[in-house]
Number of protein chains: 2
Amino acid sequence: MSADLRTKMVAGAADLMSRRGLPAASMRDLARHSGTPLGSTYHYFPGGKRQLALEAVRFTDDQVRSRLSRSLEQGPVEGVREFLAVWRQILIDSDFEAGCPVLSVAVTESRAGEAAEAVTAARDAFSHWCGLLSRSLREHGAPADAAQSLALLIVTSVEGSVAICRAEGSARALDLVAHAVERLAGNALRHGEI
Amino acid sequence: MSADLRTKMVAGAADLMSRRGLPAASMRDLARHSGTPLGSTYHYFPGGKRQLALEAVRFTDDQVRSRLSRSLEQGPVEGVREFLAVWRQILIDSDFEAGCPVLSVAVTESRAGEAAEAVTAARDAFSHWCGLLSRSLREHGAPADAAQSLALLIVTSVEGSVAICRAEGSARALDLVAHAVERLAGNALRHGEI
DNA sequence: CCTGTTATATGACGAGTGTTATAACCGTAG
DNA sequence: CTACGGTTATAACACTCGTCATATAACAGG
């Protein structure tokens, strides 16, 4: 039972899904992309593609959550910065070919389709990220409703930026949005409104 | 030469692409979805899927631009409202199965892939929408840099919201973002900063 | 050595892919 | 009526899809 190989498959799946969307990422491509044998895929993931997609979304969720939680200990502005840095790094490292696997699932799969669990996991991931940001903003003085709105605004605008950056082949959009939301977060903490 | 049928195909392609992403929308599905004969697809679109995808993105771009331009005559806040209403209507009418075809292309296709022209058209669409919003904000008193940042923040957050709304099966996210960006637009016009 | 479990390789299944060639349909002009 | 243009239908091309059954390999403990 090699946990490494399994994780490698899940991480590779998340990456490839973020590049092409789930339906266009075939099991053969997913195996090849993560450098793991195709024959092992159904050994580790008896649920097939549905299971692999679900785990890939949850994997991304967990990774982002852990990085976000850690940086939020230094305050909400630092957390926002880290949230942006996560995606910026992925864009740069992939030459703007990869993006957010969670967004990819949300855009390409239906709630009632064959990957419904993955869509639910995507919804949960967005909810987790918003919740973490919102709680931190609240704990640092922002009113509850402003914190919730601002957290959602941050997550949505960053996800949208990542997609636009891919189309542009540049981090310009994400950097502009980064500047704007950091300022908004600062204002919210100082003046209690967005 | 039936222009209606051609347009019907393009509009149907845009809709189906927004639901599943471009690679998962087969030519047979695209024809069936728009109620047009498959045999005619390559007659009207000799460039095949690439051409159909490209025209679908441009079609969406044009539609949004025209609605946005018209409503911006009543001021930037009214324009923002219209921009949000476009996507809200699509979400509701499709029971949160459809979304933005332009985002869909940006997420599922590579700049160097077989639908490179469609990706370029997606980049242009985002740029057009940001440009319209930005210009209107500037013309109504917002400083140039604030107008540009805010316009991008609006487009990105709305695109992100549409995706999240699909995953949630609810317009909650879009409505919250709508409230936030309308307030931001108002502030930018009154105080000259975001 | 043998055994048993886990992991990988291979090939096959029916269905679907984009695309093209070819044949049939259709309304209208001559 | 015939002839012909723009359309549509159909079948086929080589290929890939997700999935599974089966066969082989690798490696543990006795």
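A note on names: the letters A, B, ... follow the listed sequences, proteins ahead of strands, and every chain is numbered from 1.
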Could you tell me if B/Gln148 and B/Ser134 have a donor-acceptor pair between their side chains, going purely by distance under 3.5 Å? no

Under a plain distance cut-off of 3.5 Å, with no hydrogens placed, do A/Glu78 and A/Ser71 share a side-chain donor-acceptor pair? no

Counting neighbours of NE2 on A/His128 that are heavy atoms of other residues, nucleotides or ligands and sit closer than 6.0 Å, is the number greater than 12? yes

About how many Å separate NZ of B/Lys8 and OH of B/Tyr44, when rounded to the nearest 0.5 Å? 11.0 Å

Taking the side chain as everything from C-beta on, heavy atoms only, tell me whether A/Thr156 gets closer than 4.5 Å to B/Leu174. no

Check whether any side-chain nitrogen or oxygen of A/Tyr42 sits under 4.0 Å from OP1 or OP2 of D/dC20, and answer yes or no. no

To the nearest angstrom, the CG-P distance between B/Leu22 and C/dT17 comes to 13 Å

Are there more than 12 heavy atoms of other residues, nucleotides or ligands under 6.0 Å from atom CZ of B/Arg135? no

Take the protein atom CG of A/Asp4 and the nucleotide atom P of C/dA7, then report the distance between them rounded to whole Å. 12 Å

Euclidean distance, atom CZ of residue B/Phe45 to atom P of C/dT20 [Å, nearest integer]: 15 Å

Where the side chain of A/Arg28 is concerned, which of C/dT19, C/dT17, D/dG18 is the nearest nucleotide? D/dG18

Evaluate whether atom CZ of B/Arg19 has more than 12 neighbouring non-hydrogen atoms of other residues, nucleotides or ligands under 6.0 angstrom away. yes

Pick the closest DNA chain C nucleotide for B/Gly47 and for A/Gly39 by heavy atoms, then say which residue is nearer the 5' end. A/Gly39

Rounding to a whole Å, what distance do you find between B/His43:NE2 and C/dC25:C1'? 14 Å

Separation of B/Arg6 atom CZ from D/dT8 atom C1', in whole Å? 17 Å

When B/Pro37 and A/Asp29 are each assigned the nearest nucleotide of DNA chain D, the 5'-most assignment goes to B/Pro37

Which atoms of nucleotides 3-5 of chain D (N or O only) lie under 3.5 Å from a protein N or O atom, and what are those distances?
none

Name the closest nucleotide to the B/Ser26 side chain, picking from C/dT8, D/dC17, C/dT17. C/dT17

Provide, to the nearest angstrom, the distance between the OH atom belonging to B/Tyr44 and the C1' atom belonging to C/dT19. 19 Å

Touch class at under 4.0 angstrom, heavy-atom based, for B/Ala31 against every strand present: nothing

Tell me what A/Ala25 touches on the nucleic acid: a base, only sugar-phosphate, or nothing, going by heavy atoms under 4.0 Å. sugar-phosphate

Residue-phosphate contact under 4.0 Å: A/Ser40 side-chain N/O, C/dA7 OP1/OP2: no

Would you kindly give the CG-to-P distance between B/Leu38 and C/dT17, to the nearest whole Å? 10 Å

Nearest-angstrom distance from the residue atom NZ of A/Lys49 to P of D/dT19: 8 Å

